[in-house]
Each structure stands twice: as C-alpha cells, then as structure tokens.
**Student:** 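One structure, as structure tokens, below. Some questions next.
Reminder, nothing fancy here: chain letters follow the sequence lines and each chain counts from 1.
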Amino acid sequence: MRGSDSPLYRLEDLAFFYGERFELHIPKLDIPEGCTIGFIGPNGGGKSTLLKILSFLEHPHQGTILFSGVKVTPDANPFRRQVTILPQEPYLLKRTVFENVAYGLKVRGEKQGIRKKVHEALEQVGLMPGSFTSRSWHELSGGEAQRVALASRLILRPRVLILDEPTTSVDQSSALLIKESINACRRKLNTTLIISSHDHLWLNSVTHDIRKVYQGRIVGFATENLIFGPWKKSTDSLYEKILPDGQVIHAVSPQDAGATAILDPSDIVISTAHPDHLSAQNTLSGIVTQLSIEPFSDTMIMELNCGGQTLLCRITSNAARELNILPGERVWAVFKASSLRWY
Amino acid sequence: MDYLAQGLIDAIRLLMSLDEETFSAILTTLRISSLSILMSLSIGIPCGFGLGYFDFPGKKPIRSVVDTLLAMPTVVVGLFVYAFISRRGPLGEFGLLFTIPGIAIAQTILVLPIVISLTATAIESLDRRVRFTLISLGAKRSQIALASLLEARYAVLIAVITAYGRAISEVGVSMMIGGNIKWNTRTITTAIALETGKGQFSMGIALGIVLLLLAFLVNGSLAFLRKRS
C-alpha cells in the first residue's frame with residue numbers, strides 16, 4: 001500500500017468550511033514519514049481543524065488527502081487505525097485507568113499480554129502502574145488524565161501520533177514527561193509526530209520544523225511574529241500601531257487598517273542600551289521573558305514583551321553570551337518599517 | 001385527629017407483625033413493577049438508543065410523540081389496554097384481564113415513553129468528545145455504539161429508576177386492569193384507595209409508609225446516579 005517515494009501525507013488544494021465560513025485552505029502540504037512537525041498560531045486559526053483532518057476525524061469539503069500515496073476518503077480509509085490523536089482536552093472513558101489504556105488494544109481484538117503493555121505504556125508517561133491501573137477516571141488530576149490519555153495512544157504504537165495543544169492544561173513536570181514520552185515513541189518506532197501548541201518554546205524543544213497557521217492558512221514558519229492592526233496613517237509614507245504602553249510600531253503601506261503584519265525574527269536587532277545611532281524606524285523597549293535554544297543550530301529564540309506585544313527575536317548564542325542577556329532584563333528591539341510584510 | 005394517630009400505631013403494628021394481607025399487596029406491587037420494568041427496558045433501551053444515536057428521517061416527529069406520551073394519563077392507558085385484553089377485545093383469548101401479567105403489560109405501555117425518552121436524552125447529551133475519542137482509539141461502528149451506551153450508563157440508569165418510580169406509584173392501571181382482587185392483584189396503591197374508602201386507615205397508612213420508603217429509595221438512587229453521571 002505504501003508508495004516508496006511519496007510523502008506520508010500529501011494535502012492538495014484542501015478546503016474546509018464551517019457553514020458559509022472558510023475555515024481552512026491549504027493549497028499544498030507534504031509531511032514526510034518519521035518527521036516531527038509542529039503547528040503554531042492564534043486560537044481559531046484552523047490548527048485543530050487541520051489536525052482533525054490529518055487524523056481522519058474530519059474530511060475536507062474540497063481537495064484530496066494522500067496517505068502513503070493512497071487517496072483517502074471517508075468511506076475508504078484503510079489507514080484509520082494507523083493514526084491517533086490526543087485532543088486538547090482528552091476524554092477519558094468512565095472506566096478505570098487500566099481499561100482506558102487497554103481499550104484501543106481490545107477493540108483491535110488483542111488478548112495476549114495486555115496487562116504488560118498497559119504497565120509499559122503507563123511507565124512511559126511517568127505513572128506508576130501499581131498505584132494507577134485500578135483508579136477510576138474521576139480520581140485523576142488534570143495532568144494525570146492527560147498522561148493516561150497519552151498512554152492509551154502510545155500503547156497502540158501508532159504510525160502517526162497527533163497531539164493538539166498537549167501542554168495547555170498541564171503543569172511543567174507533566175509537559176516535560178509528555179515531551180520525553182513522545183520523543184521515545186519517535187526514536188523507538190519512527191512514529192511521525194504532528195503537534196500543535198501555543199507554547200512556542202516547548203514546541204521548539206521538540207521540533208525545529210514549526211509552521212504558523214493563521215486565518216486558515218499556513219503562513220510561514222513558527223518564529224515569525226504576527227502583528228495585528230489597527231494601523232493609522234502617521235506620515236505620508238508610514239503607518240503606525242500604538243501599543244498599550246504608548247510605544248509605536250511603524251510600517252509601510254498596509255493593505256488596510258486591520259491588516260496583519262509578519263515580521264521575521266532575524267530582522268530584529270537586539271541592543272542592551274538605547275540605540276540612538278540606528279536609522280531604523282522601530283525601536284521598542286521590552287523585557288526578556290524567555291530564551292530557548294533552536295535545535296540543530298547555533299541560534300537562540302528570545303521572547304520579548306514590548307508593552308503588551310510579544311516579539312520573538314533570533315540571536316546567535318555568542319551574541320546572547322556577550323550581551324549577557326537573561327530573562328527579566330530590559331533590552332531594545334530594533335527593526336525597519338520595511339521589514340514588516342503583509343499577510 | 002385521634003383516629004389518625006391510632007391508624008399510625010396500628011399501621012406500625014401491622015408491619016411489625018408481618019401481616020399477611022399487607023405483605024401480599026407489597027409483594028404483588030413488587031412483582032408487577034419488576035415485570036413491567038423488565039419488559040419496558042428490553043424494548044425501551046434499544047429504541048431510546050436508536051432515537052438518540054442515529055439521524056434518520058422522521059426522527060424529530062417521533063421524538064415529539066414520545067415526549068408527549070410522557071404525560072399520558074394512567075386511566076387512558078388502562079382504558080385502551082382493557083379494551084384490548086377484555087373478552088371482546090382482540091387479545092381477549094389470552095385471558096390477561098385481572099391478572100398480574102395484564103397489569104404488567106399496561107404498566108409497560110405507561111413507562112415505555114419514560115425509558116425511551118430519557119435514554120435518548122442520555123445518548124444525545126453524551127460529550128461530543130466520546131465519539132472522536134473512540135474513533136481515534138480505533139473503534140469500529142458497532143464498538144462505538146456499544147461504548148457510547150456504556151458511557152451513558154448512569155444516565156440510562158436514571159431512566160430506569162424514574163420509570164420504576166412511576167410504575168410502583170400508579171393506581172389507575174392497577175385498578176382498571178387488575179380489579180383490586182384480594183390476595184391476587186391487589187397492589188399497594190389499590191389497597192390504599194380501597195382501605196381509605198372503607199375508613200380503615202391503619203392498613204392504608206402501613207402501605208403508605210412502605211410506598212414512601214420505596215419512593216425514598218428510588219429518589220436516593222437517583223440522586224446518587226445523577227452525581228455519578
């Protein structure tokens with residue numbers, strides 16, 4: 001069934017509607033087998049719909065999905081059991097933890113070694129089988145429930161594991177355990193991981209291939225900043241957006257007052273002192289909120305809070321060391337008005 | 001008011017002495033209501049599940065009819081069932097009039113809309129995530145249907161207990177179809193009606209106490225299950 005040269009997923013001219021509203025439009029997307037791909041973007045942008053389509057829970061109203069080179073339709077989908085999704089708010093069946101984790105194996109008709117597999121799956125997500133297997137669904141904390149739901153997917157040894165905002169409602173230690181579990185799954189089984197998250201730094205620690213989903217479209221890569229309108233004309237050639245603390249972002253000719261600008265984090269220069277001598281139109285003061293290493297590169301992503309506007313900036317690890325930048329410090333972000341592209 | 005106090009004392013004496021006539025009515029009530037509940041569940045749960053789970057043409061009108069029948073007066077059920085099972089009726093040859101199975105059939109018709117409607121509501125009220133979860137774990141259509149019913153089990157049990165409460169407390173059907181025959185078809189409710197008419201309050205109060213205890217048991221179970229669901 002597998003086409004050796006074809007990607008695992010190929011989405012072509014895909015569209016999904018909610019009523020009259022255009023929810024998702026993807027002209028083309030390839031996802032290779034064994035990769036980890038992340039999707040990031042604001043709420044309502046279409047991430048969850050995309051993940052439901054990739055997990056075959058929803059079918060697009062238009063376009064085609066090829067899985068392993070085979071066209072998938074709602075009535076003919078031999079791959080349904082190879083793909084599983086952990087939703088943002090997973091539902092646990094009103095049964096014990098053991099029965100929840102074992103359910104997927106039982107519906108596949110497996111009878112041998114279920115207990116051992118359940119114990120292994122629970123250990124994989126950091127839950128002690130001895131104290132958890134007999135617990136009821138309502139005797140778990142939010143993080144424990146999330147991990148039981150993940151264990152019930154991992155036990156299936158899926159070809160594709162899809163996670164929708166897996167760390168939204170869990171504490172830091174659960175987020176770390178989830179990361180370790182899915183990384184182990186990928187290493188051992190070559191499982192393809194597809195993950196959506198708001199948590200850019202967490203997602204960045206899992207994969208470097210992160211796409212931004214905005215207003216139903218894949219608009220680029222994750223670290224690109226989205227700056228929403230409204231824009232007001234300030235001079236003949238410039239428009240401005242006033243931030244909550246009074247700072248101003250200047251841009252060149254947006255399509256309309258409500259346009260959204262995209263800013264590449266590599267186009268932002270960071271300074272620890274106020275940069276009086278630079279000619280760029282935008283100089284924003286901000287507090288460093290987070291720093292993270294970009295996988296497979298010598299760069300870091302720095303998250304700044306500039307008067308309520310979050311900006312992601314890319315700096316080299318050397319520059320971060322030389323400037324001695326730490327979270328909590330005030331820095332200045334400098335970029336040209338012409339660096340803002342329009343969505 | 002003395003006769004009421006005396007009636008209560010006599011009632012407790014009747015219950016404590018395990019009075020045969022009193023306990024005959026209690027046992028008859030339990031036999032009839034259990035039989036009618038078994039019949040109504042075997043028909044009502046599959047019908048209610050189908051009505052709540054599947055989408056099909058005519059679903060809404062059927063649902064409206066079932067919901068309307070929830071308020072069906074017991075005497076109307078009694079009237080129709082009497083017409084069918086009396087000697088002149090189409091089912092007269094089975095000799096069901098004035099028998100326990102006859103009352104059970106009429107009670108089944110009375111409580112069937114409760115079982116169907118509440119089961120359908122239980123299935124319709126299931127969390128939307130149940131279906132997605134079961135699909136994502138690899139369940140097939142029949143497995144999804146069965147697991148959905150299991151997920152709604154506490155709400156379905158509420159339907160069962162509500163129906164049981166209606167069955168043990170109704171009087172019209174038992175009186176019309178059963179005929180209130182002593183040692184035979186006399187139930188708690190028909191005995192209370194008769195004894196009250198005769199001015200014999202002690203047995204009426206004794207049976208009333210038992211009925212109230214059963215009602216408390218039913219309501220207690222309902223409260224527990226609502227919490228679980």
Side-chain angles (χ1 to χ4, degrees), chain A residues 48-49 51-59 74-75 77-96 99-110 121 136-139 145-146 148-164 194, chain B residues 41 45-46 48-50 52-57 59-60 115 118-162 220-229:
Chain A
S48 293
T49 304
L51 296 196
K52 278 183 184 167
I53 289 171
L54 293 173
S55 55
F56 309 129
L57 292 177
E58 299 277 13
H59 199 75
D75 302 320
N77 184 355
F79 306 106
R80 194 163 69 85
R81 283 187 165 175
Q82 296 181 11
V83 181
T84 187
I85 182 172
L86 180 72
Q88 187 174 347
E89 289 175 13
Y91 179 89
L92 289 185
L93 301 173
K94 289 176 179 164
R95 307 175 189 198
T96 62
E99 286 167 336
N100 265 285
V101 179
Y103 182 81
L105 293 182
K106 287 184 176 171
V107 295
R108 284 165 173 78
E110 281 196 36
S136 284
W137 80 99
H138 55 82
E139 294 173 328
Q146 186 90 357
V148 168
L150 178 59
S152 66
R153 272 79 180 169
L154 293 177
I155 200 172
L156 305 174
R157 302 167 71 90
R159 190 169 168 198
V160 182
L161 176 60
I162 299 175
L163 301 110
D164 190 3
I194 302 172
Chain B
L41 294 189
I45 289 182
F49 179 80
Y53 190 78
F54 298 106
D55 283 322
F56 52 88
K59 176 175 171 161
K60 277 190 178 171
V115 179
L118 294 189
T119 302
T121 303
I123 298 296
E124 283 167 353
S125 311
L126 270 178
D127 195 316
R128 254 180 69 83
R129 294 174 299 165
V130 172
R131 189 175 163 75
F132 281 158
T133 300
L134 295 169
I135 293 173
S136 73
L137 292 175
K140 291 179 177 169
R141 276 182 192 169
S142 58
Q143 292 166 329
I144 294 169
L146 182 64
S148 299
L149 185 60
L150 279 175
E151 284 305 288
R153 62 190 178 275
Y154 293 114
V156 172
L157 274 175
I158 289 174
V160 174
I161 291 172
T162 307
S221 313
L222 272 177
F224 173 75
L225 288 170
R226 284 215 175 93
K227 205 174 154 193
R228 294 282 287 186
S229 70

**Student:** Rounded to the nearest 0.5 Å, what separation is found between the CH2 atom of A:W137 and the CD atom of B:E151?
**Tutor:**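 These two atoms lie 8.0 Å from each other.
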
**Student:** Which of residues 133-141 of chain B get closer than 4.5 angstrom to chain A, counting heavy atoms alone?
**Tutor:**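 Interface residues of residues 133-141 of chain B: B:T133, B:L134, B:I135, B:S136, B:L137, B:G138, B:A139, B:K140.
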
**Student:** Between A:L93, A:L92, A:I162, which shows the greatest number of heavy-atom pairs under 4.5 Å with chain B?
**Tutor:**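 Max contact count across the listed options: A:L93.
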
**Student:** If you define the side chain from C-beta out and look only at heavy atoms, does anything of A:V83 sit under 4.5 Å from A:L54?
**Tutor:**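 No, their side chains stay 4.5 Å or more apart.
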
**Student:** Please round to the nearest 0.5 Å and tell me the distance separating atom CZ of B:F49 and atom CG of B:L146.
**Tutor:**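 Spacing of CZ (B:F49) from CG (B:L146) equals 8.0 Å.
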
**Student:** What part of A:E89 gets closer than 4.5 Å to chain B, counting heavy atoms only: side chain, backbone, both or neither?
**Tutor:**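 Both parts, heavy atoms under 4.5 Å.
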
**Student:** Distance from B:L126 atom CG to B:T121 atom OG1, nearest 0.5 Å?
**Tutor:**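 Rounded to the nearest 0.5 Å, the CG-OG1 separation comes to 11.5 Å.
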
**Student:** Given heavy-atom pairs under 4.5 angstrom as the criterion, report whether the side chain, backbone, both or neither of A:P158 touches chain B.
**Tutor:**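 Neither part.
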
**Student:** Looking only at atom types and distance, does a side-chain atom of B:Q143 sit under 3.5 Å from a main-chain N or O of A:V107, one as donor and one as acceptor?
**Tutor:**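 Yes; judged by distance alone, with no hydrogens or angles, the pair exists.
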
**Student:** Are the side chain of A:T96 and the backbone N or O of A:E99 linked by a donor-acceptor pair below 3.5 Å?
**Tutor:**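 Confirmed, A:T96 side chain pairs with A:E99 backbone.
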
**Student:** Go through the atoms of A:S55 and report whether side chain, backbone, both or neither lie under 4.5 Å from a heavy atom of chain B.
**Tutor:**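 For A:S55, neither part sits under 4.5 Å from chain B.
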
**Student:** Could you tell me whether the side chain of A:L156 reaches within less than 4.5 Å of the side chain of A:L161, counting heavy atoms only?
**Tutor:**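 Contact flag for A:L161/A:L156 side chains = no.
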
**Student:** With B:L157, which residues qualify under side-chain contact (heavy atoms from CB on, under 4.5 Å), at least two apart?
**Tutor:**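 Testing B:L157 for side-chain contact (heavy atoms from CB on, under 4.5 Å), a comparison that skips the adjacent residues, returns B:L225.
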
**Student:** Answer with side chain, backbone, both or neither: which region of A:I85 has an atom nearer than 4.5 Å to a non-hydrogen atom of chain B?
**Tutor:**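 Answer is both: backbone and side chain atoms of A:I85 are under 4.5 Å from chain B.
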
**Student:** Which answer fits B:R153, side chain, backbone, both or neither, if we ask what part of it has an atom under 4.5 Å from a heavy atom of chain A?
**Tutor:**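 Just its side chain gets close to chain A.
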
**Student:** Pairing donors with acceptors under 3.5 angstrom, does anything connect the side chains of A:S152 and A:N100?
**Tutor:**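 Not at all, the side chains of A:S152 and A:N100 share no donor-acceptor pair under 3.5 Å.
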
